[in-house]
Amino acid sequence: MSAVARASALRVLAAALVATSLLLAPSALPALAAPAPPRVAPRVAPRAVPALAPAAPSLALAAPARRWRAVFDDGFGSPRWGKRGAVWSDRTSAYADGASDPDQFKFDRVQAAAMKVSHGQLHITASPTTAAVHGPWRTGLLTTEPWHGGVAGGNGFQLRAGDYALIRMRLPGRQDGGGHGAWPAVWTWRDGNEVDLMEWHSETPGIIEFANHTPGASSYSFVHSPLVGFGRWITVAVRFGATDVGWYVGDDTHPLRLAYQDHVGVGAKWHAYLIASLSVSAQPGRLPSSAHPISMAIDRIRVFR
């Protein structure tokens, strides 16, 4: 999120929680329904939305209707980042030097050593690099954006208007950073074309954040959900409609439900690279209170078109 957009969002957080948040109590979840169809893309009918199989021990997604096809799928069977020809790069043009972003109030120092693959999951662990808790933290970030022509990986995959993305992930635990400072996110970037598929802050563990910061758009929501919290496994899905972006939330026992739609969209010609990151917040009021490592995990990322 840009500095201007984040500052604005923080100023109106209290109002947004009342005015735009949706309480996602399991007994009161609205029926799964896609946003109104954009003119440039087919509608996602309920039966066409990939759904999480509740009994599956790990991410097992039902195949979408035939008119949809998977165009990106990483179940993290092996590390595939940081070298030419890899799916992912650990450097992004969203950060001035590719690896740190102090202007956006982050303690991040992105290093490949902060990431590993284990049992079919990507694990990112942030830890302070000095004795100072409010100083640099080694952490991880992956993007499909090619870095300097692909020398550090990045296969160039971009999300497009009409795509449907699906992510299953574990949020940081209560003890991580002393219960403060954790800032996991899945988002997009290309010359300012940013959509936050999800953001989460450990200071508000029951809230998940969604935002559309594409040029000409400034929509966001802070959504209360009992499915979201310290150490929780959640599934987030996003439909990138040209005129309406829809965000969905579920978990292993609760199917995906529409959480927020912005009625703004990304525009018919939108496209951007995919990013998954674990940041450590340097924002006032959101600073880590201990040096306990902060960790998150991602089980699988899929994109349908």
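In this chain, numbering begins with 1 at the start of the sequence shown. Hydrogens, waters and symmetry mates are skipped; everything else that's a heavy atom, side chains included, is used.
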- Query: Would Arg300 and Asp73 pass as an ion pair if we require N to O under 4.0 Å?
  - Reply: yes

- CG of Asn155 to CH2 of Trp81: how many Å apart, nearest 0.5 Å? 14.5 Å

- Interatomic distance, CG@Leu141 vs CG@Asp90, rounded to 0.5 Å, equals 8.0 Å

- Query: Linking I/L/V/M/F/W/Y whenever any side-chain heavy atoms sit under 4.5 Å apart, do Trp147 and Trp189 land together?
  - Reply: no

- Counting distance only, does the side-chain N/O of Asn212 pair as donor-acceptor with the main-chain N or O of Gly265 below 3.5 Å? yes

- Note on the structure: dist Tyr273:OH -> Asp191:CG (nearest 0.5 Å) comes out at 8.5 Å

- Message: One pair to check against side chain to side chain contact (heavy atoms under 4.5 Å, CB included): Tyr248 and Leu166. What are the steps and the verdict?
- Response: CA-CA 9 Å; Tyr248 302 79; Leu166 194 61; over 6 Å; no

- Message: Under the side chain to side chain donor-acceptor pair (under 3.5 Å) definition, can you give me all pairs with a residue in residues 125-137, not counting sequence neighbours?
- Response: none

- Note on the structure: Rounded to the nearest 0.5 Å, the OG atom of Ser225 sits from the CD1 atom of Ile234 at a distance of 8.0 Å

- Same hydrophobic cluster for Val236 and Leu227, using side-chain heavy-atom links shorter than 4.5 Å among ILVMFWY? yes

- Please list, chain by chain and in numerical order, all residues satisfying side chain to side chain contact (heavy atoms under 4.5 Å, CB included) with Arg84, sequence neighbours excluded. Val151

- How long is the gap from CG on Leu274 to CZ on Arg190, to the nearest 0.5 Å? 14.0 Å

- Message: My understanding is that only residues two or more places apart in sequence, or in another chain, count here; which of them pass side chain to side chain donor-acceptor pair (under 3.5 Å) with Asp108?
- Response: Ser279

- Would you sort out whether Thr188 and Ile275 count as a side chain to side chain contact (heavy atoms under 4.5 Å, CB included), showing the intermediate values? CA-CA 6 Å; Thr188 72; Ile275 302 176; over 6 Å; no

- Would Asp196 and Glu209 count as a side chain to side chain contact (heavy atoms under 4.5 Å, CB included) if you check the C-alpha gap in whole Å, the side-chain angles of each, and the deciding distance to 0.1 Å? CA-CA 8 Å; Asp196 296 324; Glu209 304 173 21; over 6 Å; no

- Task: Taking ring-ring contact (aromatic ring centres under 6.0 Å, His included) as the test, write out the residues that go with Phe210, two or more places apart.
- Result: Trp247

- Message: Regarding Arg286 and His180, do their side chains bring together a donor and an acceptor under 3.5 Å, going by distance alone?
- Response: no

- Message: Please give me the minimum heavy-atom distance between Val228 and Arg232, naming the atom from each residue.
- Response: N-NH1, 3.9 Å

- Sorted by chain and number, sequence neighbours left out, side chain to side chain contact (heavy atoms under 4.5 Å, CB included) with His292 holds for Gln175, Asp176, Ser290

- When clusters are formed by joining ILVMFWY residues with side-chain heavy atoms under 4.5 Å apart, either directly or through shared neighbours, do Tyr164 and Val264 land in the same one? no

- Note on the structure: By ring-ring contact (aromatic ring centres under 6.0 Å, His included), Tyr95 pairs with (sequence neighbours left out) none

- Message: Count I, L, V, M, F, W, Y as connected when their side-chain heavy atoms are under 4.5 Å apart, and connections chain through other members. Are Ile298 and Leu278 then in the same cluster?
- Response: yes

- Query: So which heavy atom on Pro128 is nearest to which on Ala132, and how close?
  - Reply: CB-O, 4.2 Å

- Task: Just jot down the side chain to side chain contact (heavy atoms under 4.5 Å, CB included) partners of Ser100, sequence neighbours excluded, or say none.
- Result: Asp97, Pro102, Arg109

- Task: Check whether any side-chain N or O of Glu203 sits under 3.5 Å from a backbone N or O of Gly181 as a donor-acceptor pair, and report yes or no.
- Result: yes

- Query: Can you list every salt bridge (Lys or Arg N to Asp or Glu O under 4.0 Å) pair that touches residues 132-158, not counting sequence neighbours?
  - Reply: none

- Message: For His271 versus Asn193, what's the shortest heavy-atom pair and its separation?
- Response: O-CB, 4.4 Å

- Message: Hydrophobic cluster membership, with links at side-chain heavy-atom distances under 4.5 Å among I/L/V/M/F/W/Y: are Val245 and Leu159 in one?
- Response: yes

- Kindly write out the residues that satisfy salt bridge (charged side-chain N to carboxylate O under 4.0 Å, His left out) with Arg174, not counting sequence neighbours, or none if the list is empty. none

- What are the two closest non-hydrogen atoms of Pro255 and Arg257, and how far apart are they? CG-NH1, 3.0 Å

- Could you walk me through whether His201 and Trp183 pass side chain to side chain contact (heavy atoms under 4.5 Å, CB included), step by step? CA-CA 5 Å; His201 290 276; Trp183 186 359; 3.4 Å; yes

- For Arg80, enumerate each residue passing the salt bridge (charged side-chain N to carboxylate O under 4.0 Å, His left out) test, keeping only those at least two apart in sequence or located in another chain. Asp74

- Query: Does the pair Asp163 and Arg239 meet the rule for a salt bridge (Lys or Arg N to Asp or Glu O under 4.0 Å), with working shown?
  - Reply: CA-CA 6 Å; Asp163 284 357; Arg239 171 80 192 286; over 6 Å; no

- Item | Pairing residues for Arg170 by the side chain to side chain contact (heavy atoms under 4.5 Å, CB included) criterion, not counting sequence neighbours | His123, Trp233, Ser295, Ala297

- Message: Does either side chain, that of His213 or that of Glu194, offer a donor lying less than 3.5 Å from an acceptor on the other one?
- Response: no

- Message: Side chains of Val223 and Val249, heavy atoms from C-beta outward: is any pair under 4.5 Å?
- Response: no

- Give a yes or no on whether the ring-centroid distance for Trp200 and Phe230 is below 6.0 angstrom. yes

- Value rounded to 0.5 Å, distance of CD in Gln261 from CG in Asp244: 4.5 Å

- Task: Measure across Pro184 and Leu171 and return the closest heavy-atom pair with its distance rounded to 0.1 Å.
- Result: CG-CD2, 4.3 Å

- Note on the structure: Residue set satisfying side chain to side chain donor-acceptor pair (under 3.5 Å) with Ser281, at least two apart, ordered chain then number -> none

- Query: Do Trp88 and Thr143 meet the criterion of a side-chain donor-acceptor pair at a distance under 3.5 Å?
  - Reply: no

- Where do Ser289 and Gly178 come nearest, in terms of heavy atoms and distance? OG-O, 3.2 Å

